[in-house]
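Chain A is the first sequence line, chain B the second, and so forth, proteins listed ahead of strands; every chain is numbered from 1. Excluded from the calculations below are hydrogen atoms, water molecules and symmetry mates; all remaining heavy atoms, backbone and side chain alike, are included.
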There are 2 protein chains.
Amino acid sequence: MISEKTISRLTNYQTLLRQQQSMGTSHIFSHQLADLARVTPAQVRRDLMVIGYSGNPRTGYHVGDLQESLMQFFAFSTGIPTVLVGVGSLGRALLSYFMTGRSNIRILAAFDTDPVKTGRSISGCRVHPMTRLRETVADLTVTCGLITVPGTEAQKVVDALIASGIHGFVNFAPVRLKVPPTVFVENLDVTSSIEKAAFFARSYSLKTQEEQTHE
Amino acid sequence: MISEKTISRLTNYQTLLRQQQSMGTSHIFSHQLADLARVTPAQVRRDLMVIGYSGNPRTGYHVGDLQESLMQFFAFSTGIPTVLVGVGSLGRALLSYFMTGRSNIRILAAFDTDPVKTGRSISGCRVHPMTRLRETVADLTVTCGLITVPGTEAQKVVDALIASGIHGFVNFAPVRLKVPPTVFVENLDVTSSIEKAAFFARSYSLKTQEEQTHE
DNA sequence: TTCACGCTGTGACAAATTTCACAGCTAGAC
DNA sequence: GTCTAGCTGTGAAATTTGTCACAGCGTGAA
Ligand SMILES: NC(=O)c1ccc[n+]([C@@H]2O[C@H](COP(=O)([O-])OP(=O)(O)OC[C@H]3O[C@@H](n4cnc5c(N)ncnc54)[C@H](O)[C@@H]3O)[C@@H](O)[C@H]2O)c1
Ligand SMILES: NC(=O)c1ccc[n+]([C@@H]2O[C@H](COP(=O)([O-])OP(=O)(O)OC[C@H]3O[C@@H](n4cnc5c(N)ncnc54)[C@H](O)[C@@H]3O)[C@@H](O)[C@H]2O)c1
């Protein structure tokens with residue numbers, strides 16, 4: 001079994017490699033990739049073991065080949081098909097970002113209960129009423145659902161999407177969803193992240209003050 | 001030293017306890033809180049050790065007292081003062097969400113380089129030009145900076161905020177920032193999270209198919 | 001051709017994190 | 001008062017995650 005952390009780092013390497021390739025880098029050493037990703041060289045080498053790509057002791061990793069191996073490992077060569085539920089302020093921000101495709105993520109359709117929002121397109125993405133979820137999703141082989149509805153609605157929305165056959169979610173609502181073990185949920189709780197940053201900010205800034213006092 | 005994971009869970013407990021209290025719950029057992037947070041009861045008890053609050057074997061934890069202890073541990077009784085840099089589509093979504101304060105997070109000011117956006121208020125938050133960053137932040141004792149500028153700009157923005165004395169950041173740009181060890185950065189990379197969810201979605205759905213075949 | 005340098009791949013080790021399991025306690029029953 | 005069921009707090013074990021360190025290899029130099 002392969003850990004979440006490893007997957008996160010591997011997707012990060014993918015992004016960094018794409019950048020490097022566009023800058024004309026043809027080969028890269030583990031310590032260089034490590035610097036970019038802010039991890040140790042040993043970590044990079046260990047992570048790359050799991051995808052089975054081998055580098056060369058003298059020239060390092062071939063950027064193009066490594067990208068190819070990563071692509072194959074993730075099997076996302078044609079982009080990641082997703083749907084978004086909840087076309088509020090956050091939903092619209094995500095649509096405007098991902099519909100002007102700078103990434104390999106494709107938002108194929110959006111859904112909302114509000115009749116004011118349905119029937120038209122936002123940032124080039126069609127917004128459907130929730131009643132049409134099942135039939136629309138069935139046609140699309142969607143890999144991942146983006147949940148941007150209020151917290152109170154999130155559970156029923158995810159239940160409906162699971163019933164339509166989706167196994168992966170990114171949940172922006174500040175609630176822990178209840179899902180079967182065959183479904184993966186990545187929670188992106190902005191509030192929680194700010195609280196975390198604030199906690200460490202305080203503790204780091206206290207540490208800094210102490211050190212200054214001791215000198 | 002206390003780990004990031006523990007802090008994340010503790011902030012989550014805080015949110016859940018707030019909800020429980022508003023529902024009239026006066027006491028809660030570790031296994032109940034664990035169910036809500038989707039962790040094990042032992043995990044809850046171990047986490048609560050670090051804040052020094054003790055429960056009662058017969059009645060569990062007193063919701064009000066525990067919240068009080070958490071408040072004191074995090075020292076955020078007056079809310080978390082933040083500033084936001086980059087009033088684009090994502091920045092505006094965050095402003096509209098946090099300025100209609102449902103949480104303890106306060107966005108005290110926003111900044112942008114675009115003269116079209118500066119000088120006015122968005123969702124009740126004043127948007128300043130970047131040139132006024134230093135003086136404005138100096139007046140405010142800000143704990144956390146929210147970075148919602150394009151990836152290419154993120155490093156210079158964070159450098160400027162660090163120079164103004166901010167030690168904590170939530171970074172939405174898809175780049176790894178370079179910061180001194182006295183500064184904490186929480187990266188919220190939406191693209192990366194979707195890729196992660198898509199990877200596990202696929203592997204879970206393959207597993208499901210296999211099991212069905214084996215039967 | 002031979003050598004030496006500096007990298008990769010990986011077994012072994014170390015650290016961090018989670019879970020186990022149980023002593024000790026406490027409120028209610030009787 | 002005494003007993004007991006079922007919780008908490010916490011050492012110790014287990015598991016997960018990251019690092020070390022070095023054998024082995026490929027390349028360019030001589
Ligand atoms: N906006 C932010 O920056 C921000 C920040 C942190 C967290 N969040 C979270 O993200 C979620 C969305 O936030 P928002 O600010 O976009 O809210 P919003 O109120 O602007 O939008 C919510 C949208 O969901 C739709 N909706 C409601 N119930 C629905 C249902 N059952 N099915 C389908 N659609 C439904 C509404 O019609 C609306 O368009 C919330 O859970 C919020 O807590 C948002
Ligand atoms: N919008 C989304 O849903 C989304 C999703 C994933 C990631 N992101 C990331 O979040 C960031 C912002 O995204 P966005 O969609 O809001 O972009 P945007 O282009 O809509 O907004 C960026 C804002 O930053 C301002 N800006 C540019 N350079 C600046 C500087 N040096 N100092 C201060 N302000 C500056 C611009 O004027 C603009 O208002 C980007 O890094 C993007 O990759 C956004």
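When distances run from any side-chain atom of B:Arg9 to the nucleotides C:dT26, D:dG26, C:dT18, the shortest one goes to C:dT18. Between C:dT10, C:dG28, D:dC7, one nucleotide has an atom nearer to the side chain of B:Arg58 than all others, and that is C:dG28. Checking D:dT19, D:dT27, D:dT10 against the side-chain heavy atoms of B:Arg46 singles out D:dT10 as nearest. Set against C:dT19, C:dG9, D:dT10, the side chain of A:Tyr61 has C:dG9 as its closest nucleotide. Distances were taken from every side-chain heavy atom of B:Gln43 (C-beta onward) to each of D:dG18, C:dT18, D:dC7; the shortest belongs to C:dT18. Considering only side-chain atoms of A:Met49, the nucleotide from C:dT18, C:dT10, C:dT19 that sits closest is C:dT10. When each of C:dA12, D:dT10, C:dT18 is scored by its nearest atom to the side-chain atoms of B:Arg45, the top-ranked nucleotide is D:dT10.
Among the atoms of the strands shown, only primed sugar atoms or phosphate atoms (P, OP1, OP2) are found under 4.0 Å from some heavy atom of B:Ser54. B:Ser3 comes within contact range of the sugar-phosphate backbone alone, with a heavy-atom separation under 4.0 Å but no base atom that close.
Under the 3.5 Å distance criterion, the side-chain polar atoms of B:Asn171 are matched with a main-chain donor or acceptor of B:Val175. Looking only at distances, a side-chain donor or acceptor of A:Asp189 sits under 3.5 Å from a matching main-chain atom of A:Thr191.
Summarising the geometry, the separation between OH on A:Tyr53 and P on C:dC7 is reported as 17 Å, rounded to the nearest angstrom. One atom, NE2 of A:His62, and another, P of D:dG26, lie 17 Å apart when rounded to the nearest Å. The interatomic distance linking B:Glu4 (CD) with D:dG18 (C1') rounds to 15 Å, in whole Å. If you measure from atom CG of A:Asn56 to atom P of D:dT27, you get 5 Å, rounded to the nearest angstrom. To the nearest angstrom, P of D:dG6 lies 14 Å from CD of B:Gln32. Atom CG of B:Leu33 is separated from atom P of D:dC7 by 14 Å (rounded to the nearest Å). Taking atom CD1 of A:Ile2 as the reference point, atom P of D:dG18 lies 12 Å away to the nearest angstrom. When rounded to the nearest whole Å, the span between CG of B:Leu48 and P of D:dT8 equals 9 Å.
A:Ile147 is not listed as a side-chain neighbour of A:Val170, based on a closest heavy-atom distance of 4.5 Å or more.
In plain terms, the two heavy atoms of A:Pro174 and B:Tyr97 that are nearest each other are CG-OH, 4.2 Å.
For A:Pro57 and B:Thr6, each mapped to the nucleotide of DNA chain C holding its nearest heavy atom, the one lying further toward the 5' end belongs to A:Pro57.
Residue A:Arg38 places its CZ atom among more than 12 non-hydrogen atoms of other residues, nucleotides or ligands, all under 6.0 Å distant.
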